[in-house]
Amino acid sequence: MKKFINRTEDVVEEMMQGLAVLRPNSTRLLGHKVMVYADAEQAHDQQVAVISGGGSGHEPAHAGYIGVGMLSAAVVGEVFTSPSSDSVFAAIKAVSGEPGALLVVKNYTGDRLNFGLAAEMARAEGISVEMIVVDDDVALKGTEQATGARGLAGTIFIHKLVGAAAAEGKSLADVAAMGRAAVESLATMGVSFSAGTSPAVGKPSFELDEHEMELGLGIHGEPGVKRMRLQNADELTETLLADVLKYGSFGDEKRVAVMVNNLGATTEMELAIVARHAMRFLESKGITVERIYAGTFLSSLDMAGISITVLGVNDEWLRWLDAVTTAPAWPNALKQRPGKPEAQIAAEVNTKVSSPTGRGAQSEAGRKTRHAIEAACKALLGAEGELTEMDRVTGDGDLGTSMERAAKAVQGAVGSYPLDDVPATFRAIGHTLRRELGGSSGPFYGVLFLRCGNVLEKSGAMGLAQWAEALDQGCRAISELGGAKPGDRTILDALDPFVKALRKGVGGKASREAILAAVEAAEGGVEATARMKPRLGRSSYLGHRVLGCPDPGAKAVALWLRAASEALFAR
């Protein structure tokens with residue numbers, strides 16, 4: 001891997017410092033991975049705040065669209081990982097005033113969960129918040145994909161429209177309604193000749209032969225819905241637009257704006273060649289192309305690919321597309337002098353959840369608890385490479401590094417946990433994981449440990465029956481939050497067999513035998529995922545292509561379950 005970086009773990013932080021140099025109209029929100037419009041404090045009572053964000057690796061999205069007439073703030077996650085709910089909540093509190101805030105979210109599970117949770121937290125504090133979910137990817141239209149179509153480069157059109165409408169003083173309800181209508185009139189299709197390489201992984205997320213291309217892919221490094229022989233530029237442009245026109249709805253007048261987007265490593269020469277034929281092809285179908293843009297709007301690291309987006313427009317939407325913005329990544333952005341890399345602003349936002357702290361383990365139960373936690377962390381750290389490789393085949397390749405990051409965070413925090421109080425320790429772990437794990441795994445692990453801790457505390461006992469009930473309720477919490485159930489090829493396919501086997505052991509075998517039998521059931525559940533067609537989770541976009549490969553999320557669960565269980569009974 002050859003990249004202009006220092007340490008892989010510092011790429012996002014150092015990128016944000018660089019953005020402060022390059023984009024003086026935005027600045028860092030102290031203590032969070034959030035960039036905000038420098039004059040947001042003066043503007044927050046004058047208009048609806050527009051907030052977006054997502055994983056890094058999609059530059060110039062999303063921080064490049066901060067400015068008058070576009071975004072008030074952008075929330076930044078790790079590479080291809082959704083930002084935390086804490087950072088989203090901090091952004092809402094920093095830039096929202098009486099008119100409220102509109103969140104523009106791409107339809108990826110982690111983004112929906114973390115932005116949705118932050119919106120609920122903000123509403124609880126009296127802030128008016130609406131959320132638009134962008135699902136412009138037509139590659140998954142007409143399929144049985146339960147999570148729906150993904151959000152792609154068309155999201156930038158939504159940023160421009162709602163940002164301009166908000167700048168005109170439109171109400172939150174009106175801006176949100178217009179944004180949702182625009183999403184309905186939006187369609188995108190992508191293709192790539194090669195995968196991107198995440199700094200954290202060090203190799204491409206998938207591989208193609210010399211004469212192959214990947215059609216209908218997303219922006220997180222996951223493969224597409226179909227692998228095809230290469231086509232020349234005009235043929236490929238028509239292939240993409242055929243699906244866009246098949247599934248898109250652009251109004252009776254058939255007036256559109258078009259975006260030819262570079263996914264990372266495509267030259268301006270190639271974009272111009274595609275744009276020229278897109279214009280010609282659409283007009284041959286009786287469609288009037290009112291505006292056409294070509295450039296890097298929303299990338300996928302260094303992926304050699306493009307996407308084409310078509311948006312149905314009317315006179316008012318055209319006016320908002322044409323409205324001047326100071327956002328530097330939009331084509332008509334104004335240029336300004338460099339700012340300072342250390343520039344930050346402090347906002348009075350507190351997203352910390354209070355939890356009891358301890359002085360380490362003072363009892364035998366506390367010492368066993370710490371030993372089990374540390375063993376689980378050690379197992380995940382040792383399996384980083386295996387989990388990364390499994391996820392590279394069946395997902396977007398970041399699970400190993402995400403679990404490594406979470407394990408290190410728990411290792412660092414374990415001494416502060418109230419280890420002699422197991423329910424409270426579970427809740428503390430839940431808060432650590434929801435903050436540090438990121439993506440969709442963060443909320444799921446967070447809610448699992450929070451629910452388990454609450455159930456154990458209410459039961460007042462710590463026998464096998466109580467543990468089985470607590471874990472069962474934790475599984476239900478995951479289902480309630482994300483909609484998954486056993487058989488969907490997710491972490492539940494390891495947790496559910498563990499719980500069922502644990503219940504069978506109640507009143508029978510000794511605790512050690514019962515728990516280790518439950519671990520074996522979890523490991524059997526992992527193997528079973530290799531035969532499951534994914535309905536939800538990291539592999540859900542790949543369908544039958546993951547058959548034969550176990551789910552890496554379930555594998556991670558089985559790893560830490562075994563390590564923690566064996567540690568409890570170690571002499």
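Each residue takes its place number in the sequence, starting with 1.
Two residues are said to be in side-chain contact when any heavy atoms from C-beta on lie closer than 4.5 Å; M35 and S26 meet this criterion. Contact of the V313 side chain with the L321 side chain is registered, since non-hydrogen atoms from C-beta on lie closer than 4.5 Å.
A salt bridge links D488 with K485; the closest basic N to acidic carboxylate O contact falls under 4.0 Å. For the pair K226 and E214, the salt-bridge criterion is not met [side-chain N within less than 4.0 Å of a carboxylate O].
Contact detail for V138 and A187: the closest heavy-atom pair is CG1-CB, 3.5 Å. Residues Y65 and M70 approach most closely at O-CB, 3.1 Å, considering heavy atoms. Considering all non-hydrogen atoms of both residues, M532 and L547 come closest at O-CD2, 3.3 Å. Among all heavy-atom pairs drawn from L263 and V191, the shortest one is CD1-O, 3.8 Å. In terms of heavy atoms, D551 sits closest to I491 at OD2-N, 4.3 Å. Taking both residues in full, the closest heavy atoms of A91 and V75 are given as CB-CG2, 3.8 Å, listed atom of the first, atom of the second, then distance.
Inspection of the S52 and H159 side chains reveals an N or O donor paired with an N or O acceptor under 3.5 Å. Between the side chains of T81 and D398, a donor-acceptor pair is found at a separation under 3.5 Å. N314 and R255 are not linked by any side-chain donor-acceptor pair at a separation below 3.5 angstrom, with hydrogens and angles left out of the test. When only modelled atom types and interatomic distance are considered, N262 and T296 share a side-chain donor-acceptor pair under 3.5 Å. Side-chain contact check for D137 and T188: no donor-acceptor pair (N or O, by modelled atom type) lies under 3.5 Å.
Legend: residues meeting side-chain contact (heavy atoms from CB on, under 4.5 Å) with E268, ordered by chain and number and at least two apart, are absent. Looking at residues two or more places apart in sequence or on another chain, you find a side chain to side chain donor-acceptor pair (under 3.5 Å) between K33 and E78. Every side-chain contact (heavy atoms from CB on, under 4.5 Å) that A477 has, sequence neighbours left out, goes to V447, R451. When the salt bridge (Lys or Arg N to Asp or Glu O under 4.0 Å) test is applied to E130, the partners found at least two apart in sequence or on another chain are R180.
Residue pairs meeting the salt bridge (charged side-chain N to carboxylate O under 4.0 Å, His left out) criterion with at least one member in residues 279-289, sequence neighbours excluded: D234-R280. Legend: side chain to side chain donor-acceptor pair (under 3.5 Å) pairs involving residues 203-212, not counting sequence neighbours, sorted by first then second residue: K203-E389.
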Tell me, with the steps shown, if E222 and R150 meet salt bridge (Lys or Arg N to Asp or Glu O under 4.0 Å). CA-CA 12 Å; E222 70 271 39; R150 299 166 288 204; 3.3 Å; yes
Derivation of the side chain to side chain contact (heavy atoms under 4.5 Å, CB included) call for V129 and L102: CA-CA 6 Å; V129 181; L102 177 67; over 6 Å; no
Please determine whether side chain to side chain contact (heavy atoms under 4.5 Å, CB included) holds for the pair K170 and V162, giving the CA-CA distance in whole Å, both sets of side-chain angles, and the decisive distance to 0.1 Å. CA-CA 9 Å; K170 300 287 186 184; V162 300; over 6 Å; no
Set out, in order, the CA-CA distance, both residues' side-chain angles and the distance that settles side chain to side chain contact (heavy atoms under 4.5 Å, CB included) for D135 and L152, then state yes or no. CA-CA 7 Å; D135 57 351; L152 303 179; over 6 Å; no
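Side-chain N or O atoms of D302 include one that pairs as donor or acceptor with a backbone N or O of T197 at under 3.5 Å. Of the possible polar contacts, one joining the S72 side chain to the V50 backbone as a donor-acceptor pair under 3.5 Å is found. Side-chain N or O atoms of S299 include one that pairs as donor or acceptor with a backbone N or O of E59 at under 3.5 Å. Although no hydrogens or angles enter the test, the distance criterion places a donor-acceptor pair under 3.5 Å between the side chain of S479 and the main chain of A484. Listed for the T109 side chain is no donor-acceptor partner under 3.5 Å among the backbone atoms of S440. One N or O on the side chain of R28 and one on the backbone of H32 form a donor-acceptor pair closer than 3.5 Å.
Between the CZ atom in R392 and the SG atom in C549 there is a gap of 11.5 Å [rounded to 0.5 Å]. The line from CD1 of I308 to CG of D243 is 11.0 Å long, rounded to the nearest 0.5 Å. In this structure, H277 NE2 and E235 CD are separated by 9.0 Å, a value rounded to the nearest 0.5 Å.
Just one of H220, H58, H62 meets the side chain to side chain donor-acceptor pair (under 3.5 Å) condition when paired with K106; it is H62.
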